[in-house]
Amino acid sequence: MRVGIIIIFSFFMNLNANADKNDQILSQGKTVYNDKCLSCHGSTGKGDGPVGENLSKKLQPLKKSSEKQIIDVLNAGKKDMMPDYRSSLSSEQKQAVAKYIMEALDKK
Ligand code: HEC
């Protein structure tokens, strides 16, 4: 009986730790996004940031990607219009911003 309680207790402790970690990654991702991406991609990922609005080619909304696809774009850049972040962001930052775009960016 006591063992059962301990197991259940540690299960919840663990969930809690994972949730904290997740929040931490998302908030790191948000910082990177606001700092480096928002000027073009805009606060909702629609491409309506102050720089994005003035690009000659209209930006596609950031939507149907996976974390991996986003990271690939970050490593490669987009033609001449989006800089690459291969070495200017750590792989942790790239993962965080990809996760933020997928899970938390308020896409409209
Ligand atoms: C100077 C403007 C600019 C900045 C800054 C910028 N991007 Fe981009 N991004 C673009 C352009 C332009 C495209 C190409 C859009 C297209 O092909 O319609 C693009 C494409 C993308 C795509 C691919 C979208 C798709 O569906 O193919 C992703 C993902 C992306 N950017 C993420 C980011 C992230 C994350 C950051 C910040 C670390 C960032 N971008 C910073 C301009 C920018």
Side-chain angles (χ1 to χ4, degrees):
M1 177 60 193
R2 181 164 298 165
V3 172
I5 289 171
I6 291 170
I7 290 172
I8 289 169
F9 184 69
S10 38
F11 176 73
F12 282 110
M13 290 301 287
N14 206 11
L15 272 187
N16 207 12
N18 285 343
D20 283 353
K21 177 83 185 137
N22 207 35
D23 284 354
Q24 220 177 314
I25 295 172
L26 287 176
S27 100
Q28 183 189 18
K30 182 176 185 170
T31 306
V32 173
Y33 186 86
N34 289 347
D35 198 29
K36 313 255 187 206
C37 321
L38 189 141
S39 60
C40 286
H41 289 285
S43 55
T44 60
K46 261 192 317 196
D48 55 351
V51 177
E53 268 190 335
N54 290 305
L55 291 175
S56 52
K57 184 171 169 252
K58 192 157 168 20
L59 287 183
Q60 299 296 313
L62 288 176
K63 235 182 214 155
K64 23 185 195 319
S65 310
S66 66
E67 280 183 35
K68 180 177 180 312
Q69 281 173 313
I70 296 174
I71 291 170
D72 286 348
V73 171
L74 291 177
N75 284 327
K78 275 273 177 180
K79 288 162 217 148
D80 301 326
M81 293 166 55
M82 174 176 154
D84 83 68
Y85 294 89
R86 192 195 313 267
S87 50
S88 55
L89 291 177
S90 69
S91 53
E92 198 188 89
Q93 287 174 310
K94 285 176 230 176
Q95 255 165 13
V97 75
K99 191 175 171 65
Y100 173 72
I101 290 171
M102 293 298 294
E103 293 177 17
L105 184 64
D106 184 18
K107 304 185 206 75
K108 297 266 160 60

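Counting starts at 1 for both ligands and their atoms, in listed order. Quick caveat, the model's predicted, so the values are computed rather than measured.
Taking all atoms of both residues into account, the shortest heavy-atom contact from G52 to L59 is CA-CD1, 4.1 Å. Minimum heavy-atom separation, C40 to V51: SG-CG1, 3.7 Å. Here the closest non-hydrogen pair linking Q28 and Q93 is NE2-CG, 3.7 Å.
With a 4.0 Å heavy-atom cut-off, ligand 1 is reached by the side chain of K57 but not by its N, CA, C or O. For Y85, every heavy-atom contact with ligand 1 shorter than 4.0 Å involves the side chain, none the backbone. In M81, the parts holding a heavy atom less than 4.0 Å from any atom of ligand 1 are both the side chain and the backbone.
Residue contacts with ligand 1 do not include K94, since none of its heavy atoms lies under 4.0 Å from the ligand.
Among the atoms of H41, an N, O or S atom falls under 2.8 Å of atom 8 (Fe) of ligand 1.
For residues 75-95, the set of pairs meeting the salt bridge (charged side-chain N to carboxylate O under 4.0 Å, His left out) definition, not counting sequence neighbours, is empty.
Residue contact check: L62 has heavy atoms under 4.0 Å from atoms 22 (C), 28 (C), 29 (C), 30 (C) of ligand 1. Heavy-atom proximity to L59, at under 4.0 Å, picks out these atoms of ligand 1: 10 (C), 11 (C), 12 (C), 13 (C), 15 (C). Residue Q60 approaches ligand 1 through these ligand atoms, each under 4.0 Å from one of its heavy atoms: 18 (O). Taking every heavy atom of I101 and a limit of under 4.0 angstrom, the matching atoms of ligand 1 come to 35 (C).
Between G47, C40, S39, it is C40 that holds the heavy atom closest to atom 3 (C) of ligand 1. Distances from atom 26 (O) of ligand 1 to the heavy atoms of A98, G29, S65 show the closest one on S65. When the heavy atoms of K78, M82, Q93 are ranked by distance to atom 10 (C) of ligand 1, first place goes to M82.
Q95 places none of its side-chain heavy atoms less than 4.5 Å from the side chain of I25. Counting heavy atoms from C-beta outward, V97 and C37 have side chains that approach closer than 4.5 Å. L62 places a side-chain heavy atom less than 4.5 Å from the side chain of Y33.
Atoms CG and CG, from L105 and L26 in turn, are 11.0 Å apart once rounded to the nearest 0.5 Å.
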